[in-house]
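One structure is given here, and the rest of the page talks about it.
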Amino acid sequence: MSGPAPVVVMGVSGSGKSTVGVALAQRLGVPFVDADALHPPANIAKMAAGEPLDDDDRRPWLDKVGEWLAGHRDGGVVSCSALKRKYRDQLRTHCPEVEFLHLAGSPALIGARLAARTGHFMPPALLRSQFDALQPLGADEAGAIVDVGQGVDGIIDAFLSRG
């Protein structure tokens, strides 16, 4: 591997994954993909109908995300919820060197951001289910947890300067 390790920008819907992911990829000079673009149509339809995805829905989607990461071992950034440890473990089966930037914020802050967002298939009503499912990045997982209550540049600086 000659470039930076691939990075998954993770967190609940509305935490800023896409915004931070694009900015981080630009800063690192690597490709970016939003994992939402890799969802099969059935998953998008289910979420748009207000139904949370289950693990069976997520498995093939996470394999697609993992394959993208494996194809970008010299650097790439993907925004992906990756809420549960087992989801991140599934991504690591494809790309063991992946690092995670966990965007963390309070339900009140994230809820306000989500309520202000338009044109997205994820309805604000599903936010509670995401917080219920969230398993924060573990101490044994490569990456960092960064508070979203700061600007995008501050988030990226905190991630890149971690020791």
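Note that the coordinates shown come from a computational prediction; the quantities given were computed from them, not determined experimentally.
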**Study point:** Salt-bridge criterion met for Asp54 and Arg59 (N-O under 4.0 Å)
**Key:** no
Practice item. Tell me whether the guanidinium CZ or amine NZ of Arg85 lies under 6.0 angstrom from the six-membered ring centre of Tyr87 and within 45° of its axis. Key: no
Practice item. For Gln130 and Ser13, indicate whether the former's side chain and the latter's backbone hold a donor-acceptor pair under 3.5 Å. Key: yes
Review point. Can you tell me if Trp61 uses its side chain to pair, donor with acceptor, with the backbone of Ala35 under 3.5 Å?
Key: yes
Review point. Looking at Ala23 and Val152, what are the two nearest heavy atoms and their distance?
Key: CB-CG1, 3.6 Å
Exercise for review: Output yes when a side-chain donor or acceptor of Asp147 lies under 3.5 Å from a complementary backbone atom of Gly105, and no otherwise.
Suggested key: no
**Study point:** Nearest-0.5 Å distance, CD of residue Glu67 to SG of residue Cys95
**Key:** 12.0 Å
Review point. To the nearest 0.5 Å, how far apart are CG in Leu28 and CG in Leu160?
Key: 5.5 Å
Review point. What pair of heavy atoms forms the shortest contact from Ala5 to Glu97, and how long is it?
Key: CB-O, 3.5 Å
**Study point:** Residue pairs fulfilling side-chain hydrogen bond (donor to acceptor under 3.5 Å, both in side chains) with at least one residue in residues 20-29, sequence neighbours excluded
**Key:** Arg27-Asp157
Practice item. Return the minimal non-hydrogen interatomic distance between Phe32 and Trp68, and the atom names on each side. Key: C-CZ2, 4.2 Å
Review point. Would you say the side-chain atoms of Gln90 pair up with the backbone N or O of Leu62, donor to acceptor, closer than 3.5 Å?
Key: no
Check your understanding: Which heavy atom of Ala82 sits nearest a heavy atom of Val8, and at what distance?
Key -> CB-CG1, 4.4 Å
Review point. Under 4.0 Å between a Lys/Arg side-chain N and an Asp/Glu carboxylate O for Asp55 and Lys84?
Key: yes
Point to revise | Salt bridge Asp89-Arg92, side-chain N to carboxylate O under 4.0 Å | key: yes
